[in-house]
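Note sheet for the following structure.
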Amino acid sequence: MNPTQQLLRKLPGIDRLLDCPALTELGESFPHDVLAKAARQAVERLRAEILESAEDFDASRLDLGQLASEAAKCAQNLMRPNLRPVINATGTLLHTNLGRAPLAETALQAIAESARMYSNLELDLESGKRGLRHDLVADLLCQLTGAEAAMAVNNNAGAVYLALTALAQGREGIVSRGELVEIGGAFRIPDVMAASGVRLVEVGTTNKTHPRDYLNAITEETGLFLKVHTSNFRVVGFTSQVSGAELVEIARPHGIAVMEDLGSGMLFDLSEYGLPREPTVAEAVAAGIDVVTFSGDKLLGGPQAGIIVGKRELIEKIRSHPMARALRMDKLTLASLEATLRLYLDRERALREVPVLRMLATPAEELEQRCLKLARQAMDQIGGDAHIEVIAAPSTVGGGALPTTELPGFAIAVTPREQSVDALARRLRHGQPAVVARVQDDRLLFNLRTLATDQENDLVTALKTALESTHEPD
Ligand SMILES: *Cc1c(COP(=O)(O)O)cnc(C)c1O
């Protein structure tokens, strides 16, 4: 018998492994099938190693107890949720990959309450008759934006698609060439228009579009003007786009509707916190735009949603389109959207309690103090395993909203001594909780703007664990 066969014969059977304490202990909370699968995985891993090279194989790995604890680890991994909390230390406030906006406490409570019990989702408690789920947020949205009517759907991509379909299917939609953007890889204005059955009529050029371009493009077939926030892209130099108010002026005599996709959609001006001066939703409404759409989970800081506000007659048309049903929001999201919007009734309260706004408004000096304090704490706990310092590092808004906008801030820069920066980043991503940080110039940067203060200790613990670990992360 060759060495490979000898080793393979020593691999334990699954049943023997399942009888080991490390696995029987888990039997209470883990289904048998999961434990059996984990035991097979652990044995298979050894088998593969033996087949690869019997000479290099460390025979102590065959120890039954050790193999059982490896199998137990496999079982833990199998039972771990796929969607897990992540500490976002990237400094990017709105990261689509990281689930965009964390929600306010009151929004979380609203989700829990509407989930635990039945609700008046579509019941008018006054009359006892059927109600409309849209009405749950319509009044708040009207109050906050000054619009006549409002509704919300699954996300902003859905809102744009639905509004285009309901308002201009089979007709022409006029869009400036400077606004034919792609957002987040899959949302491309020309494609969304095609999917809605609206014939795209491009006007102007990439950098300049003039009022006369729109005027000259109007035909019998014109269904609407669409204005799009370019979000993740900026043309600099000699540029001009036609403002919403000007578009309204051109469109009105012809009875053409003007729609604007604001993307992020700010409910109040955030320029005093370092963001560019952008038209708020209320300003777009006041400019006379007939239908305005924006996301719920970008700068608004709420759950994933697509909000549509505007003229009553048009919102009614959108609401009664058959596709509205396919894009409707579920009750949990509606509950958290309503709670988030309610915070906006008091601007100061929104700034305190909506996490995205709170993070955005944190002054750089405060972030520096937090970084210095945490860096000291980390040095005390970590000792010589890494070089740690505090550096100036900007944070970004991100999320297809204002990704080119940087906010001044600070970060803790960590240079590990015993492992590569990439290995450390990988270990941190595999930790519990996972930590995502930014690799830059052979250092790992932990930006505290996107961390709640109660996550700071967890960050240090995670860093310590990852620096001390010598195992490959599983
Ligand atoms: C982000 C964005 C969208 C897509 O919104 P989702 O909420 O991701 O569906 C559409 N239009 C613009 C201008 C955007 O910035």
pair T222-H254: side-chain heavy atoms closer than 4.5 Å: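 They are not in side-chain contact.
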side-chain hydrogen bond (donor to acceptor under 3.5 Å, both in side chains) involving N154 - partner list, sequence neighbours excluded: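 So N154 forms a side-chain hydrogen bond (donor to acceptor under 3.5 Å, both in side chains) with Q304.
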Residues which pass side-chain hydrogen bond (donor to acceptor under 3.5 Å, both in side chains) with R429, listed by chain and number, not counting sequence neighbours: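 R429: no side-chain hydrogen bond (donor to acceptor under 3.5 Å, both in side chains) contacts found.
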Result of checking N447, T92, T90 against T396 for side-chain hydrogen bond (donor to acceptor under 3.5 Å, both in side chains):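 Looking at N447, T92, T90, the match for T396 under the side-chain hydrogen bond (donor to acceptor under 3.5 Å, both in side chains) is T92.
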So that I can tick it off, tell me whether [Y] and [X] are bridged by a salt bridge, with the cut-off set at under 4.0 angstrom between side-chain N and carboxylate O.
X    : Y    : value
K311 : E148 : no
D124 : K129 : no
D346 : R352 : no
E283 : R277 : yes
E316 : R312 : no
K298 : E278 : no
E44  : R40  : no

Minimal non-hydrogen separation, L78 against V34, with atom names: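 In terms of heavy atoms, the two residues are closest at CD1-O, 3.8 Å.
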Quick check: are there more than 12 heavy atoms from other residues, nucleotides or ligands sitting under 6.0 Å from [atom1] of [X]?
X    : atom1 : result
E313 : CD    : no
D191 : CG    : yes
N207 : CG    : yes
E105 : CD    : no
R130 : CZ    : no

Contacts of P363 that satisfy side-chain contact (heavy atoms from CB on, under 4.5 Å) - sequence neighbours left out: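 So P363 forms a side-chain contact (heavy atoms from CB on, under 4.5 Å) with E365, E366.
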